[in-house]
There are 2 protein chains.
Amino acid sequence: MTGDRSDLPLVPDLNLINQSLAIVCGKWRLYIILLLGKQTLRYGKISEMLPGVSEKVLASELKTLVALGVMKRKAYAEIPPRVEYTLTKKGLLILPILKQIQEIGRIFN
Amino acid sequence: MTGDRSDLPLVPDLNLINQSLAIVCGKWRLYIILLLGKQTLRYGKISEMLPGVSEKVLASELKTLVALGVMKRKAYAEIPPRVEYTLTKKGLLILPILKQIQEIGRIFN
DNA sequence: CAGTATCCCCATCGATACTG
DNA sequence: CAGTATCGATGGGGATACTG
């Protein structure tokens, strides 16, 4: 905020970090966001692409991500129901950073 | 798997992501690494710069980060004891990415 | 199809006291 | 000073069954 920001402050802002972690952390969080990177997906499709995640956890993670403003949900009044998830503008903004995070895994292989 | 890899795969590698999360996640993890970014620090100093973290949690987080290869521990045979923590080469490698993660918090403010 | 509703486990995080 | 040891609280994550 004040002065030069050529580098990050010596003592990083805990609130900022916690907010980042609130979005990134969680066993499936990153994976789900990455999956939605360039496509709109239906609930069933996400579920199918994520072998291992239980329905409850997937549903609650999606709900949280929508609440966080990372993605948006669009439900169609059809039978059978159809619900689609898409990244928001903010979600798209953080996408490159999220992709970078994968590089960490690569470095520590 | 097959074809062009100009971008990340449609279905990202779960193992890679999990490995990344293993390093990044945890309430204090990111903060500790960032703190060590450009300096070697003693246990007591880290503790002091992290108001709110209990000794047990700090100690176990440091131990884990050393085991992960993110930082290294150097103990001096002195009385009173002195222990210093420094980022490893790999730790330094991921530092820029970690700093980027803070930007996520900024975007969602 | 796209979710809830329940119930449960265990890993993580934490406070406090103690030690080499 | 730099940690363990111990006990306890919390909630993320999961299995299964059910519903609009």
Side-chain angles (χ1 to χ4, degrees), chain A residues 14-15 17-36 39-68 70-87, chain B residues 14-15 17-36 39-68 70-87:
Chain A
L14 233 191
N15 287 335
I17 293 177
N18 282 338
Q19 193 147 12
S20 301
L21 291 178
I23 290 165
V24 163
C25 273
K27 192 164 173 183
W28 307 101
R29 215 52 85 72
L30 240 157
Y31 199 91
I32 296 172
I33 304 176
L34 251 14
L35 221 46
L36 259 72
Q39 51 189 328
T40 293
L41 286 176
R42 298 180 60 168
Y43 176 87
K45 188 67 180 171
I46 298 174
S47 169
E48 169 187 319
M49 295 174 93
L50 271 155
V53 67
S54 76
E55 304 196 30
K56 185 200 110 173
V57 170
L58 179 56
S60 93
E61 289 300 84
L62 287 172
K63 189 176 282 186
T64 304
L65 288 169
V66 168
L68 285 169
V70 177
M71 55 185 62
K72 50 181 184 261
R73 192 190 116 110
K74 183 160 170 56
Y76 295 84
E78 303 174 355
I79 290 180
R82 179 160 60 109
V83 180
E84 292 180 344
Y85 292 91
T86 315
L87 289 191
Chain B
L14 234 190
N15 286 336
I17 293 178
N18 283 338
Q19 193 148 13
S20 301
L21 291 178
I23 289 165
V24 163
C25 274
K27 193 163 172 184
W28 306 102
R29 211 57 80 72
L30 210 60
Y31 199 91
I32 296 172
I33 304 176
L34 252 13
L35 220 46
L36 258 72
Q39 51 189 329
T40 293
L41 286 176
R42 299 182 58 170
Y43 176 88
K45 188 67 182 173
I46 298 174
S47 169
E48 171 187 318
M49 295 174 93
L50 271 155
V53 68
S54 76
E55 304 195 30
K56 185 201 110 171
V57 171
L58 179 56
S60 93
E61 289 299 83
L62 287 172
K63 188 175 284 188
T64 304
L65 287 169
V66 168
L68 285 169
V70 177
M71 54 184 65
K72 51 181 182 258
R73 193 191 115 111
K74 183 161 171 54
Y76 295 84
E78 303 175 355
I79 291 179
R82 179 160 60 111
V83 179
E84 291 180 344
Y85 292 91
T86 317
L87 289 191

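Being a predicted model, the structure only gives us computed values, none of them experimental. Labels below follow one simple rule: chain letters A, B, ... track the order of the sequence lines, proteins then strands, and each chain is numbered from 1.
Whole-Å rounding puts the B:Glu48 CD to D:dA2 C1' distance at 14 Å. Going from atom CZ of A:Arg82 over to atom P of C:dC1 covers 13 Å, rounded to whole Å. Distance B:Leu58 CG to D:dG3 P: 8 Å, rounded to the nearest Å. Taking atom OH of residue A:Tyr43 and atom C1' of nucleotide D:dT19, one finds them 13 Å apart after rounding to whole Å. Residue B:Leu41 contributes atom CG, which lies 15 Å from atom C1' of D:dC1 at whole-angstrom precision.
At least one side-chain heavy atom of B:Val24 sits less than 4.5 Å from a side-chain heavy atom of A:Leu21. Between B:Leu58 and B:Ile32, some side-chain heavy-atom pair lies under the 4.5 Å cut-off.
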Checklist entry - Pairing of DNA chain D as dot-bracket, 5' to 3': ( ) intra-strand, [ ] crossing, | other strand, . unpaired, with Watson-Crick or G-U pairs under 3.5 Å? => result ||||||||||||||||||||
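Across all strands shown, B:Lys63 has heavy atoms under 4.0 Å from sugar-phosphate atoms exclusively, and none from any base.
Going from atom OG of A:Ser60 over to atom CH2 of A:Trp28 covers 12.5 Å, rounded to the nearest 0.5 Å. Note that CD1 of A:Ile23 and OG1 of A:Thr64 are 11.5 Å apart. Values are rounded to the nearest 0.5 Å. The structure places CG of A:Leu36 at 12.5 Å from NZ of A:Lys45, a figure rounded to the nearest 0.5 Å.
Here the options are B:Leu41, B:Ile46, B:Val70, the test is side-chain contact (heavy atoms from CB on, under 4.5 Å), and the partner is B:Tyr85; only B:Ile46 passes.
The salt bridge (charged side-chain N to carboxylate O under 4.0 Å, His left out) contacts involving residues 73-87 of chain A comprise A:Glu78-A:Arg82, A:Arg82-A:Glu84, where partners must be two or more places apart or lie in separate chains.
The backbone N or O of B:Ala22 sits less than 3.5 Å from a side-chain atom of B:Arg29, completing a donor-acceptor pair.
A:Thr40 is linked by a side chain to side chain donor-acceptor pair (under 3.5 Å) to A:Thr86, counting only residues two or more places apart in sequence or in another chain. Applying the salt bridge (Lys or Arg N to Asp or Glu O under 4.0 Å) rule to B:Lys63 yields no partners; only residues at least two apart in sequence or on another chain are considered.
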Find every protein N or O atom lying less than 3.5 Å from an N or O atom of nucleotides 10-17 of chain D, and list the pairs.
from, atom 1, to, atom 2, distance (Å)
D:dG13, OP1, A:Lys27, N, 2.8
D:dG13, N7, A:Lys56, NZ, 3.4
D:dG13, O6, A:Lys56, NZ, 3.1
D:dG14, OP1, A:Lys27, NZ, 3.1
D:dG14, OP2, A:Trp28, NE1, 2.9
D:dG14, N7, A:Lys56, NZ, 3.3
D:dG14, O6, A:Lys56, NZ, 2.5

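For the segment residues 73-81 of chain A, residues with any heavy atom less than 4.0 angstrom from an atom of DNA chain C are, sorted by number, A:Arg73, A:Pro80, A:Pro81.
Contact between B:Gln39 and B:Leu35 at its shortest, heavy atoms only, is NE2-O, 3.0 Å.
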